[in-house]
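Take a look at the structure below.
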Amino acid sequence: MNPLSVTNSISGQSWRWRSGVGPGDDLIAGLLLARGCRPEEIDAHRMPTLRGFMPDPSMFRDMDVAAMRLADAVERGEAVTVFGDYDVDGATSAALLIRLLRGLGLNPQAYIPDRLMEGYGPSGEALVKIAAGGASLIITVDCGAQAFEALASAREANVDVIVVDHHKCAAELPLALALVNPNRLDEGEGAAHGHLAAVGVAFLLGAALLRELRAREFFATRSQPRLVELLDLVALGTVADVAALTGLNRAFVTQGLKIMAAGRNVGLEALLAISRLKRAPQCSDLGFALGPRINAGGRVGKSDLGVRLLTTEDPAEAADIAAELDRLNEERRTIEASVQAEAEAIAVTKGNRAVAVIVGRGWHPGVIGIVAGRLKEKLGRPAIVIALDDTGAGKGSGRSISGVDLGAAILAAKEKGLLAAGGGHAMAAGLTVAEDRLDEFTEFMEERLAVDVARASGDRALLLDIVVSCGGVTPSLVEALEGAGPYGMGWPSPRVAAGPMRVIKSDIVGSGGHVRALMQGDDGRSLKVVAFRSADTALGQALLAAPRDRRLWLTGRAKIDDWGSRPAAELHVDDAAWCD
């Protein structure tokens, strides 16, 4: 069987080579070309650096205005408050600016709204309260692009507000002193960086601020903070917010992981320890180990725990906060599992609509984003999960698939009057909706996105990067594949096809219904494989019930299993195809 032309896979998807890769190509060059890298850019992408990707911050609208106002605040020793969202991107954005401003002699305060009591983004009440407490400048991070009423209240209270955001903007902008956002509709060259997370935009603001202060000779008598030492925060926020790992984001994550490995942030060190990561952190650790724990504070605990952890200089305090976040993350898992089961049961009754809008009463709003992401993966189409409270108000969170701009659709629904609030970016969005508008909203999303979803779902082929024998999945192969990383949204990790092989033994492990199997190839070599959350799927059942004499090909991601005494390679399987 030729794995390059599989049409009888268990998932029903065909397998083919990813465009740009061929069996004779240099492996890393082929992987880079297949992900959109031009031939002349290969060297820069092999080792992404800030020098190679950093733009002039002044290209962004309002950046210079924001930098000059911040420089004024530094020179005058003003009281500054950083208002952040309660997720990882908001926490890292706030922590970055707080740590930078501390290094410049200020004592900035953090304000993170409570998810349940205050909801998303700045409110007029909160901004006026901050101003009444003495702050003359407020910087909102990862929020504010849609905060029209709140920013109008802040202006009436005579407090300046700088908005640092990356969410979709409307044609009309709120009344801010400066609104720095590459996704402004009137953005020029900066629009090319619309894939940045808010923490990336905050880093660029930090660079603009330091340049402005150098021009004012502020550092003639004092040392300049090293902005690059905050790249660990940029890497964490970028990966956890599922920002596309293309362009500048590749440099942020590559260099940020190096800073994180050096252990300069005591909060991150404590989080790595509580996550039981004893090796140098990898890109996947940011999304699956560190990010969820910081998010747990905003989801089911105290919303400011993440910022406190990332800004403390006290190892004992860091250890205590990390332990609390770890406990809250376990609590979050339990709540999530319950909501997930109910949401999946409801999804079955909804039919094969383009957008799955799933509504439940009494669901914890702190986990609906995670559940939406799980549903999106399982259904292969955008999913929006809405939690209704006793008053009939619904808080919703949505996740999308590549090629379908969910944030723009949510913004359009808000402008049509179907939502009380809403916004986001292409892959994720949040909303507030009244119960009596749910049917209208559902139909609007269906009409708005049906064509886009059909187009995005039309080609369901799994794109292969390399085909090897069973024994070819080795630690050295995994190490070689990492040469074209970091991998993530928009820059997919290499998909390996391995085989032919047969199942020697298999079982179900973990509470999530993961299927683990030991395989043996025609080359006589064995390989451990794992198919996550697959026990009730055709793939899982194939691994569990495969006859010993029937061979198959498997495709998935080659990873290192470092739990044993010696690291070994394993395959995280996403599809299989019988050889006959």
Under a 4.5 Å cut-off applied to non-hydrogen side-chain atoms, are [X] and [Y] in contact?
{"X": "Val367", "Y": "Arg332", "value": "yes"}
{"X": "Leu481", "Y": "Val496", "value": "yes"}
{"X": "Ile386", "Y": "Phe441", "value": "yes"}
{"X": "Glu342", "Y": "Val339", "value": "no"}
{"X": "Asp165", "Y": "Thr140", "value": "no"}
{"X": "Val163", "Y": "Pro174", "value": "no"}
{"X": "Val530", "Y": "Leu571", "value": "no"}
{"X": "Trp15", "Y": "Ser9", "value": "yes"}

Where do [X] and [Y] come nearest, in terms of heavy atoms and distance?
{"X": "Cys169", "Y": "Leu179", "value": "SG-CD2, 4.4 Å"}
{"X": "Lys395", "Y": "Thr432", "value": "NZ-OG1, 3.3 Å"}
{"X": "Pro113", "Y": "Gly121", "value": "CG-O, 4.3 Å"}
{"X": "Val473", "Y": "Ala569", "value": "O-CB, 3.5 Å"}
{"X": "Pro292", "Y": "Leu286", "value": "CD-O, 4.4 Å"}
{"X": "Leu554", "Y": "Ala576", "value": "CD2-CB, 3.4 Å"}

Any side-chain to backbone donor/acceptor pair from [X] onto [Y]? Under 3.5 Å, distance only.
{"X": "Ser123", "Y": "Ala126", "result": "yes"}
{"X": "Gln541", "Y": "Asp536", "result": "no"}
{"X": "Trp491", "Y": "Ala484", "result": "yes"}
{"X": "Asp285", "Y": "Gln282", "result": "yes"}
{"X": "Asp389", "Y": "Gly392", "result": "yes"}
{"X": "Thr238", "Y": "Ala235", "result": "no"}
{"X": "His514", "Y": "Arg533", "result": "yes"}
{"X": "Asp575", "Y": "Leu462", "result": "no"}
{"X": "Asn249", "Y": "Ala244", "result": "yes"}
{"X": "Ser303", "Y": "Ile112", "result": "yes"}

With distance as the sole criterion, is a donor-acceptor pair present between the side chains of [X] and [Y] under 3.5 Å?
{"X": "Arg184", "Y": "Asn181", "value": "no"}
{"X": "Gln13", "Y": "Ser11", "value": "yes"}
{"X": "Asn183", "Y": "His167", "value": "no"}
{"X": "Arg399", "Y": "Ser397", "value": "yes"}
{"X": "Asp142", "Y": "Ser93", "value": "no"}
{"X": "Arg381", "Y": "Asn352", "value": "yes"}
{"X": "Gln146", "Y": "Lys168", "value": "no"}

Pairwise distance [atom1]([X]) to [atom2]([Y]) - rounded to 0.5 angstrom:
{"X": "Leu271", "Y": "Leu277", "atom1": "CG", "atom2": "CG", "result": "8.5 Å"}
{"X": "Leu233", "Y": "Leu268", "atom1": "CG", "atom2": "CG", "result": "6.0 Å"}
{"X": "Met501", "Y": "Leu518", "atom1": "CE", "atom2": "CG", "result": "10.5 Å"}
{"X": "Ile368", "Y": "Gln340", "atom1": "CD1", "atom2": "CD", "result": "12.5 Å"}
{"X": "Met519", "Y": "Cys470", "atom1": "CE", "atom2": "SG", "result": "7.0 Å"}
{"X": "Leu411", "Y": "Leu431", "atom1": "CG", "atom2": "CG", "result": "12.0 Å"}

Derivation of the side-chain contact (heavy atoms from CB on, under 4.5 Å) call for Val239 and Val253
CA-CA 8 Å; Val239 173; Val253 175; 3.8 Å; yes
Could you check whether the rings of His166 and His425 sit parallel, tilted or perpendicular, using 30° and 60° as the cut-offs?
tilted
In terms of side-chain geometry, is the basic nitrogen of [X] or [Y] positioned less than 4.0 Å from the acidic oxygen of its partner?
{"X": "Arg374", "Y": "Glu336", "answer": "yes"}
{"X": "Glu446", "Y": "Arg353", "answer": "yes"}
{"X": "Arg502", "Y": "Asp549", "answer": "no"}
{"X": "Arg327", "Y": "Glu330", "answer": "no"}
{"X": "Arg361", "Y": "Glu435", "answer": "yes"}

Would you say that more than 12 heavy atoms from the other residues, nucleotides or ligands in this model lie under 6.0 Å from the CD of Glu415, or not?
yes
Intermediate values then yes/no, side-chain contact (heavy atoms from CB on, under 4.5 Å), Trp553 and Val467:
CA-CA 10 Å; Trp553 284 87; Val467 178; 3.7 Å; yes
Cation over ring, Arg550 on Trp578, under 6.0 Å and within 45°?
yes
So among Arg35, Arg495, Arg557, which one has a salt bridge (Lys or Arg N to Asp or Glu O under 4.0 Å) with Asp465?
Arg35
Start with the C-alpha gap between Asp87 and Asp241, add the side-chain angles, then the distance that decides, and say whether side-chain contact (heavy atoms from CB on, under 4.5 Å) holds.
CA-CA 8 Å; Asp87 69 359; Asp241 210 53; 3.5 Å; yes
Take Ile466 and Leu477 through the test side-chain contact (heavy atoms from CB on, under 4.5 Å) and record every step on the way to the result.
CA-CA 10 Å; Ile466 185 172; Leu477 174 67; 3.8 Å; yes
